[in-house]
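One structure is given here, and the rest of the page talks about it.
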Amino acid sequence: MSPNDPYRHHPGLRGKIRPAAESFFRDLDLEEFDRRIAENGMPEDWRAPDAEREAKRHNVLEGRWDRDLWVFAFGSLMWDPAMEFAEVLRGRTEDYERRFCLIDTGGRGSVEHPALQLAIDDVAGAARGCDGLAFRIEADRIDHETFVLFRREMISHAYRPVWLQLDTVIGRIEALAFAADHSSDRIDTTIPVDEQARMIAKAEGMLGTNAEYLTETRNRLAMLDLDDPYVTDLCARVASLRGADSSA
């Protein structure tokens, strides 16, 4: 196995991660995205100003521009990172857990029926832990690759950049991740799981249904040989609700 092969630690992941050049998020047209979101009833100021997002990116990476960067992926970044990476590892954090707590009224939901998107959250003393993937970005690519990353993950006021420790096959590494920002009105970590299921079962937006997003998450976790019992349980609850609706 070549030492320059990004998949050398986990060859089974080869072909299961979308190349950056094929990603919708690689060259995201924010003006077109704004137009489509506005047609869905979202306010004009729904996303963070570009200058604010760039300032946060530079603050987070201050003093780190000259070294390789690991990025932790827990949701769609796992199969569609939109970044050019030199190495990929399975990684686990014990300090955060995956949650459907990001309220979405545009992409997979509407104002009438909000959707729930994924975030990770640090639940003191009660975290289930979270398995995902870590991507290594080489130092000479960090500026552009993190520009692409922040434009996607920090597009609105919902996430906060965090540094966390991941356990991997090469030992413990430090990685950048995006966790739930509790100061945002788009984050609600108090929704009971049965209500999460009801919201996901009903919601639909310009990018499709919330149920499709959930199912894709479960299927992709399985494809990457990862498991999250919370996601599996939520899928079963949503499938039951949608089945009951279709038979009514």
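Side chains are part of it too, since the values below use all heavy atoms of this structure and drop only hydrogens, waters and symmetry mates.
For the pairing with Leu118, the side-chain contact (heavy atoms from CB on, under 4.5 Å) check across Thr217, Leu102, Leu214 returns one residue only, Thr217.
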Full working for salt bridge (Lys or Arg N to Asp or Glu O under 4.0 Å) between Arg99 and Glu97: CA-CA 6 Å; Arg99 278 188 169 192; Glu97 62 183 34; 3.1 Å; yes
Residue pair Thr189, His182: steps toward the side chain to side chain contact (heavy atoms under 4.5 Å, CB included) verdict: CA-CA 8 Å; Thr189 59; His182 287 249; 3.6 Å; yes
Step-by-step side chain to side chain contact (heavy atoms under 4.5 Å, CB included) determination, Asp122 to Val162: CA-CA 11 Å; Asp122 51 342; Val162 297; over 6 Å; no
Derivation and outcome, side chain to side chain contact (heavy atoms under 4.5 Å, CB included), residues Glu216 and Arg218: CA-CA 5 Å; Glu216 179 74 355; Arg218 180 201 60 192; over 6 Å; no
Stepwise side chain to side chain contact (heavy atoms under 4.5 Å, CB included) check, Leu221 with Leu224: CA-CA 5 Å; Leu221 283 169; Leu224 298 170; 5.9 Å; no
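Not one N or O on the side chain of Ser184 forms a donor-acceptor pair closer than 3.5 Å with the backbone of Asp181. No side-chain donor-acceptor contact under 3.5 Å links Asp233 to the backbone of Pro229. Side-chain atoms of Arg108 come within 3.5 Å of backbone N or O of Thr209 as a donor-acceptor pair. Proximity of a side-chain donor or acceptor of Thr215 to a complementary backbone N or O of Ala211 within less than 3.5 Å is detected. Without hydrogens or angle criteria, Asn210 side chain to Leu116 main chain gives a donor-acceptor distance under 3.5 Å. Between the Arg64 side chain and the Leu69 main chain, no donor and acceptor come within less than 3.5 Å of each other. In terms of modelled atom types and a separation under 3.5 Å, the side chain of Arg53 and the main chain of Glu153 share no donor-acceptor contact. A donor-acceptor pair is defined here as one N or O able to donate and one able to accept, closer than 3.5 Å; such a pair exists between the side chain of Arg98 and the backbone of Asp131. A donor-acceptor contact shorter than 3.5 Å is absent between the side chain of Arg26 and the backbone of Ala21. Looking at Gln117, its side chain never comes within 3.5 Å of a backbone N or O of Cys101 through a donor-acceptor pair.
Asp167 and Arg92 are not joined by a salt bridge, as no carboxylate oxygen comes within less than 4.0 angstrom of a charged side-chain nitrogen. A salt bridge links Arg14 to Asp5: one of the charged nitrogens lies within less than 4.0 Å of a carboxylate oxygen. Contact check on Arg8 versus Glu87 returns a salt bridge, with a Lys/Arg side-chain nitrogen under 4.0 Å from an Asp/Glu carboxylate oxygen.
For the pair Gln165 and Glu174, the minimum side-chain heavy-atom distance is below 4.5 Å. Leu164 is not listed as a side-chain neighbour of Leu176, based on a closest heavy-atom distance of 4.5 Å or more. Between Lys56 and Met154 there is a side-chain heavy-atom pair separated by less than 4.5 Å.
Side chain to side chain, Glu204 and His113 fail the donor-acceptor criterion of an N or O pair below 3.5 Å.
Across Phe100 and Leu234, no two heavy atoms sit closer than the pair CD1-CD2, 3.5 Å. Closest approach of Tyr96 and Ala179 over heavy atoms only: CE2-CB, 3.8 Å. Between Thr146 and Trp65, the shortest heavy-atom distance links the atoms OG1-CZ3, 4.4 Å. The minimum heavy-atom distance between Phe147 and Glu54, with the atom names listed, is CD1-OE2, 3.5 Å. The two residues Leu166 and Ala134 make their nearest non-hydrogen contact at CD1-CB, 3.8 Å. Considering every non-hydrogen atom in both Asp68 and Arg136, the closest pair reads OD2-NH1, 2.7 Å.
With values rounded to the nearest 0.5 angstrom, Glu145 atom CD is found 9.0 Å from Leu149 atom CG. Here CG of Asp104 is found 9.5 Å from CE of Met199. Values are rounded to the nearest 0.5 Å. Atoms CG and CH2, on Leu133 and Trp70 in that order, are 10.5 Å from each other to the nearest 0.5 Å. Atoms NZ and NE2, on Lys16 and His10 in that order, are 12.0 Å from each other to the nearest 0.5 Å. In this structure, CZ on Arg67 lies 15.5 Å from CD1 on Ile137, to the nearest 0.5 angstrom. Between the SG atom of Cys235 and the CD1 atom of Ile200 there is a distance of 8.5 Å, given to the nearest 0.5 Å.
Classified by interplanar angle (parallel below 30°, tilted 30° to 60°, perpendicular above 60°), the ring pair Phe178/Phe150 is perpendicular.
Transitive grouping of hydrophobic side chains (ILVMFWY, heavy atoms separated by less than 4.5 Å) keeps Val148 and Tyr159 in distinct clusters. Residue Met223 is not grouped with residue Val88 when hydrophobic side chains (ILVMFWY) are merged at heavy-atom distances under 4.5 angstrom, including chains of intermediate members. Cluster membership for Ile191 and Val238, using ILVMFWY side-chain heavy atoms within less than 4.5 angstrom, is shared.
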Cut-off 3.5 Å, no hydrogens considered: what does the side-chain donor-acceptor table look like for residues 71-85, sequence neighbours left out?
from	atom 1	to	atom 2	distance (Å)
Ser76	OG	Arg152	NH2	3.0
Asp80	OD1	Ser23	OG	2.8
Asp80	OD2	Arg18	NH1	3.2

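For the pair Arg128 and Tyr230, the distance from NZ or CZ to the six-membered ring centre is under 6.0 Å and the angle to the ring normal is within 45 degrees.
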